[in-house]
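For reference, the structure is listed below as structure tokens.
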Amino acid sequence: LALEKSAEILAEDIAIEKIKSDIKHSKISMESERLSKEIFRRTVADQQLKLVINSAPIILWVTDAKGIITLSEGKSLSAIHHTQNLVGTNVYDFFSKDHHDSLTSSINGTEIYKNIMISEREFLINFTPLMFSEGIIGLIILAQDVTDFRMLEQKNVQSELQAKLAKSSLEMKYVFLANVSRELRTPLFGVMAYVEFLQETYMTQIQRNHMNALHQSVNYLMTIISDI
């Protein structure tokens, strides 16, 4: 009887240990699956981020707290003739001394936006401190190439100016023609009235023919001026 009870207890212990083992393996399997999904998600996110960086007219630099570049990516790197890898170089060596204060201020915690010319291209640059739990660990520099936008903006301004000049010129033309038309009609009315008065007086046939021709010419000229 004691042996039977011992066997039952042993069987129960074995069953309990098996259940514990199954639970442990199940947890390990679930954690492994979770990690696999997280790695896949981060891989996809990294690929999407890299696709955006290499498709848009931007440059992304990341530095450590000492200003050493740890990441240098972006389509616009070729536009400024810096296709070589800048990782490992100091960001202070890349930017001119005019912008060193901005770099220092950003590493110390200040976010800065400014327009900078690089290799005859205009960039809107955002200097952002890279924060972590222990404090500032570096710098994120996002540079957007706005050269084409500025050129289009200037072109639009020039087009608007040309349109305003054309409108102003047309208005001046209308005013000029209106004034000329009014100034010409006034003496023509006097000529026409005088011709009509003379036609009522005695004159030879030759004189009348000349006067009729003059009357027709004055009427024709009046019609042209009225059309103007």
Side-chain angles (χ1 to χ4, degrees), residues 48 51-61 73-83 94-102 105 110-128 141-228:
Q48 290 175 337
L51 179 63
V52 170
I53 292 173
N54 291 327
S55 299
I58 62 174
I59 303 173
L60 176 64
W61 290 292
E73 296 282 350
K75 178 182 178 182
S76 291
L77 280 171
S78 59
I80 60 173
H81 313 297
H82 279 277
T83 54
F94 179 80
F95 287 96
S96 66
K97 291 182 179 180
D98 296 337
H99 310 300
H100 285 187
D101 289 343
S102 298
S105 297
T110 303
E111 184 175 5
I112 294 175
Y113 288 88
K114 66 187 309 183
N115 286 65
I116 295 178
M117 295 298 297
I118 305 176
S119 299
E120 299 182 353
R121 305 285 297 181
E122 183 179 357
F123 286 84
L124 174 60
I125 299 185
N126 172 220
F127 299 94
T128 305
I141 305 171
L142 181 62
Q144 181 182 0
D145 190 345
V146 296
T147 307
D148 295 338
F149 173 76
R150 294 298 185 206
M151 292 176 63
L152 181 60
E153 192 177 52
Q154 292 176 0
K155 186 177 179 181
N156 289 338
V157 170
Q158 290 177 352
S159 297
E160 290 179 2
L161 180 60
Q162 290 175 353
K164 288 180 179 179
L165 289 174
K167 183 179 179 181
S168 177
S169 176
L170 189 60
E171 289 176 350
M172 291 177 63
K173 179 181 176 182
Y174 286 151
V175 171
F176 171 76
L177 291 175
N179 289 336
V180 169
S181 177
R182 183 177 64 254
E183 294 299 327
L184 289 177
R185 278 199 301 268
T186 301
L188 276 176
F189 280 132
V191 172
M192 182 176 289
Y194 194 67
V195 169
E196 291 176 351
F197 171 75
L198 290 175
Q199 285 179 325
E200 298 297 328
T201 63
Y202 173 80
M203 63 184 67
T204 66
Q205 187 60 42
I206 294 176
Q207 289 174 330
R208 188 168 298 282
N209 291 339
H210 291 329
M211 194 59 63
N212 289 337
L214 179 60
H215 188 267
Q216 290 177 358
S217 297
V218 172
N219 278 330
Y220 181 67
L221 183 56
M222 184 65 74
T223 301
I224 293 175
I225 292 174
S226 297
D227 290 340
I228 293 176

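Nothing fancy with the numbering, it's 1 onward along the sequence.
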Name all residues meeting the side-chain hydrogen bond (donor to acceptor under 3.5 Å, both in side chains) criterion together with [X]; count only those two or more places apart in sequence or in a different chain, and write none if there are none.
X	value
Q144	none
Q205	N209
K114	H99, S102
H215	E196, N219

Is there a side-chain contact between [X] and [Y] (heavy atoms, below 4.5 Å)?
X	Y	answer
R121	D148	yes
Q199	N212	yes
I118	I125	yes

From [X] [atom1] over to [Y] [atom2], what is the distance, rounded to the nearest 0.5 angstrom?
X	Y	atom1	atom2	value
T204	H210	OG1	NE2	8.0 Å
M117	D98	CE	CG	13.5 Å
L77	I59	CG	CD1	4.5 Å
T128	Y113	OG1	OH	6.0 Å
I112	D101	CD1	CG	8.5 Å

Going by the rule salt bridge (charged side-chain N to carboxylate O under 4.0 Å, His left out), which residues pair with E122 if we only count those two or more places apart in sequence or in a different chain? R150

For P57 and S76, the nearest pair of non-hydrogen atoms, with its separation, is C-OG, 3.1 Å

Contact summary for V218 and L188, nearest pair of heavy atoms: CG1-O, 4.1 Å

Inspect the surroundings of CE in M203 and state if more than 12 heavy atoms from other residues, nucleotides or ligands are less than 6.0 Å away. yes

Can you list everything that forms a ring-ring contact (aromatic ring centres under 6.0 Å, His included) with F123? Sequence neighbours excluded, please. none

According to the interplanar angle, ranging from 0 to 90°, do the rings of W61 and F95 count as parallel (below 30°), tilted (30 to 60°) or perpendicular (above 60°)? perpendicular

